[in-house]
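These numbers come from the heavy atoms of this one structure, side chains and all, not from hydrogens, waters or symmetry mates.
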Amino acid sequence: MNGAPPVAVIGAGMAGLACAQLLAEAGCRVDIFEKSRGPSGRMSTRRAQDPQGVWQCDHGAPSFAAQDPEFVQEVRQWEQYGVVAAWRPRAVRLQGNDVVPADAGPDRWVGVPRMTSPAAFLVQRLAQQGHGARLHLQATVQQLQYESACWTVHCAEHGQIGSEYCALVLAVPAPQAAALLEPVSPYAAALAASARMQPCWVAMLRTDAPLPLDWDAAEITDGPLCWVARDSAKPGRQGPQVPQGPQTWVLHASARWSQDHIESDAESVARQLLQAFEALAGPLADSLPGSLRVTAHRWRYALPAPHLVNRCWWDAPAGLGLCGDWMCGAGVEGAWLSGRALARRALATLTR
């Protein structure tokens, strides 16, 4: 195809950005559509301000591993640019009343100074590509059209954005992809609908003083919670520098509990998850001066269960592709690998 092939990528999480980056490097003109106010998808950070000051909490992916050699190389580059750092928390497993030291496992990585930083770095790199890439934020795609071998994208906020695209990539959770694809590609819609994704309720807790706990992260085997962590102890946060200052904790509910409470209101969920945490850590209000602030966020499509095994899907005649961790394995690494795999398959068609 002559010129710079125009490609639309729906979703600015790690899969969409990884795909867009490789496409742009190969000379494609890429438009990225993201319904949120910023990129990063589930590598998300809540930032807020209250009378006690500004605070933040990574309420999406808490950390990630890097094992695939190609992804390890990418993460090392992120580290060189200062947007990630290794995190080695004091980790335990809580089994009933027993506190068991957890296996160290592979190194975990976190964004610095927040989990959104790697996505912001990828967007910056995209803007520097020869053909460039445009990121459309707060652009909720609600309709796709395919006519005369060209795709058009219609958003709820702005109507049709861009012109016509020779290829379309969906890098969104499987249920969202299925709904968009049903009118234009029943086969692709059925493939996306075959994937299952589990929800996760997450509570964010801010305290005016440190909690009297001698661990930073805990896997929990019983009850509503499955994982909790001292978010402010991550590299680049306030924790080690201000040992007597405020702390933030993130409380992840189990998939089963989250599903059972999927339509509950955030206030009720925050209260119940705080109570579950107090059952582990003791009555927090009684042991701390000042006040506790807690809020909750629902990830309706948090984790694939299980993921498909194809890494990605590409329909060359239609110029239509699917990628995401639901095709390649849960987590940041799976999403990145899926996006890169789809870009390579698409380029084999687009650059002929």
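Annotation: side chain of Trp257 is not in contact with side chain of Leu225 (no heavy-atom distance under 4.5 Å). Using a 4.5 Å heavy-atom cutoff, the side chains of Leu126 and Val30 are not in contact. Contact of the Arg206 side chain with the Cys57 side chain is not registered, since no non-hydrogen atoms from C-beta on lie closer than 4.5 Å. Annotation: side chain of Leu23 is in contact with side chain of Leu347 (closest heavy-atom distance under 4.5 Å). No side-chain heavy atom of Leu17 sits under 4.5 Å from any side-chain heavy atom of Val9. Arg46 is listed as a side-chain neighbour of Thr295, based on a closest heavy-atom distance under 4.5 Å.
Of all heavy-atom pairs between Glu34 and Ala12, the closest is OE1-N, 2.8 Å. A pairwise comparison of heavy atoms in Cys155 and Ala139 identifies SG-CB, 3.8 Å as the closest pair. Closest approach of Ala8 to Phe33, counting heavy atoms only: CB-CE1, 3.8 Å. Looking at every heavy atom in both residues, Ser258 comes nearest to Ala253 through OG-CB, 3.5 Å. For the pair Leu181 and Ala188, the tightest heavy-atom approach, listed with the atom from each and the gap, is CD1-CB, 3.8 Å. In this structure, Ala195 and Ala174 approach most closely via the heavy-atom pair CB-CB, 3.7 Å.
Grouping the Ile, Leu, Val, Met, Phe, Trp and Tyr side chains by contacts below 4.5 angstrom, directly or via other members, places Ile32 apart from Leu170. Hydrophobic clustering of Ile, Leu, Val, Met, Phe, Trp and Tyr side chains at less than 4.5 Å, counting indirect connections, unites Leu320 with Ile161. Follow the hydrophobic side-chain contacts under 4.5 Å out from Leu337 and you reach Phe121 in the same cluster. A continuous path of Ile, Leu, Val, Met, Phe, Trp and Tyr side chains, each step under 4.5 Å between heavy atoms, connects Ile220 with Val269, placing both in one hydrophobic cluster. When the side chains of ILVMFWY residues are joined at heavy-atom separations under 4.5 Å, either directly or via intervening members, Leu205 and Val228 end up in a single hydrophobic cluster.
In this structure, the separation between CG on Leu135 and CG on Leu122 is 11.5 Å, given to the nearest 0.5 Å. In this structure, the separation between CG on Leu273 and CE on Met204 is 10.5 Å, given to the nearest 0.5 Å. Taking OG of Ser40 as the start and CZ of Arg114 as the end, the distance is 11.0 Å to the nearest 0.5 Å. Within the model, atoms CZ of Arg125 and OH of Tyr81 stand 7.5 Å from one another, a figure rounded to the nearest 0.5 Å. Between the CD atom of Gln272 and the NE2 atom of His261 there is a distance of 4.5 Å, given to the nearest 0.5 Å. Atom CZ of Arg271 is separated from atom OG of Ser264 by 10.0 Å, given to the nearest 0.5 angstrom.
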- request: Evaluate side-chain contact (heavy atoms from CB on, under 4.5 Å) for Trp201 paired with Leu251, printing each intermediate quantity in order.
  value: CA-CA 8 Å; Trp201 270 108; Leu251 321 176; over 6 Å; no
Query - Pair Trp215-Leu94, side-chain contact (heavy atoms from CB on, under 4.5 Å): steps then yes or no - result: CA-CA 11 Å; Trp215 44 264; Leu94 303 182; 4.1 Å; yes
Before giving the answer on side-chain hydrogen bond (donor to acceptor under 3.5 Å, both in side chains), spell out for Glu157 and Thr140 the whole-Å C-alpha distance, their side-chain angles and the decisive distance to 0.1 Å. CA-CA 7 Å; Glu157 297 87 350; Thr140 307; 2.7 Å; yes
request  = Decide yes or no on side-chain contact (heavy atoms from CB on, under 4.5 Å) for Trp314 and Thr349, but give the supporting numbers first.
outcome  = CA-CA 10 Å; Trp314 174 246; Thr349 301; 3.3 Å; yes
* Please test Asp208 against Arg293 for salt bridge (Lys or Arg N to Asp or Glu O under 4.0 Å), starting from the C-alpha separation and ending with a verdict. => CA-CA 9 Å; Asp208 287 340; Arg293 287 163 296 284; 2.6 Å; yes
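Under the 3.5 Å distance criterion, the side-chain polar atoms of Trp87 are left unmatched by any main-chain donor or acceptor of Gly111. With Ser36 contributing its side chain and Gly38 its backbone, the two residues share no donor-acceptor pair below 3.5 Å. Trp151 places a side-chain N or O within 3.5 Å of a backbone atom of Ala318 that can act as its donor or acceptor partner. With Ser117 contributing its side chain and Val83 its backbone, the two residues share no donor-acceptor pair below 3.5 Å. Listed for the Ser254 side chain is no donor-acceptor partner under 3.5 Å among the backbone atoms of Cys226. Without hydrogens or angle criteria, Arg37 side chain to Leu137 main chain gives no donor-acceptor distance under 3.5 Å. Distance alone, capped at 3.5 Å, is enough to place a donor-acceptor pair between the Asp58 side chain and the Met115 backbone. The closest donor-acceptor contact from the side chain of Ser338 to the backbone of Arg311 lies under 3.5 Å. Looking at Arg230, its side chain does come within 3.5 Å of a backbone N or O of Leu213 through a donor-acceptor pair.
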N/O donor-acceptor pairs under 3.5 Å from side chains in residues 141-149, not counting sequence neighbours:
| from | atom 1 | to | atom 2 | distance (Å) |
| --- | --- | --- | --- | --- |
| Gln145 | OE1 | Thr152 | OG1 | 3.4 |
| Gln145 | OE1 | His154 | NE2 | 3.0 |

Taking only distance into account, with no hydrogens and no angle test, what donor-acceptor pairs under 3.5 Å do side-chain atoms of residues 298-307 form with protein atoms, sequence neighbours excluded?
| from | atom 1 | to | atom 2 | distance (Å) |
| --- | --- | --- | --- | --- |
| Arg298 | NH1 | Ile262 | O | 2.8 |
| Trp299 | NE1 | His59 | O | 2.8 |
| Arg300 | NH1 | Glu263 | OE2 | 3.2 |
| Arg300 | NH2 | Glu263 | OE2 | 3.4 |

Can I get a per-line list of side-chain donor-acceptor pairs under 3.5 Å for residues 62-72, giving both atom names and the distance, sequence neighbours left out?
| from | atom 1 | to | atom 2 | distance (Å) |
| --- | --- | --- | --- | --- |
| Ser63 | OG | Arg108 | NE | 3.1 |
| Ser63 | OG | Arg108 | NH2 | 3.4 |
| Asp68 | OD1 | Glu70 | N | 2.9 |
| Asp68 | OD1 | Phe71 | N | 3.4 |
| Glu70 | OE2 | Arg344 | NH2 | 2.5 |

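Heavy atoms from other residues, nucleotides or ligands lying under 6.0 Å from CD of Gln77 number more than 12.
Arg47 pairs by the salt bridge (charged side-chain N to carboxylate O under 4.0 Å, His left out) definition with nothing, not counting sequence neighbours.
Within the structure, side chain to side chain donor-acceptor pair (under 3.5 Å) pairs that include any residue of residues 161-189 comprise Asp31-Tyr165 (at least two apart or interchain). Screening residues 322-333 for salt bridge (charged side-chain N to carboxylate O under 4.0 Å, His left out), with sequence neighbours left out, gives Arg42-Asp325.
When each of Lys234, Arg88, Arg237, Arg90 is tested with Asp216 by the rule salt bridge (charged side-chain N to carboxylate O under 4.0 Å, His left out), just one qualifies, namely Arg90.
In summary, the aromatic rings of Trp55 and Trp249 are positioned with their centroids too far apart to meet the 6.0 Å limit.
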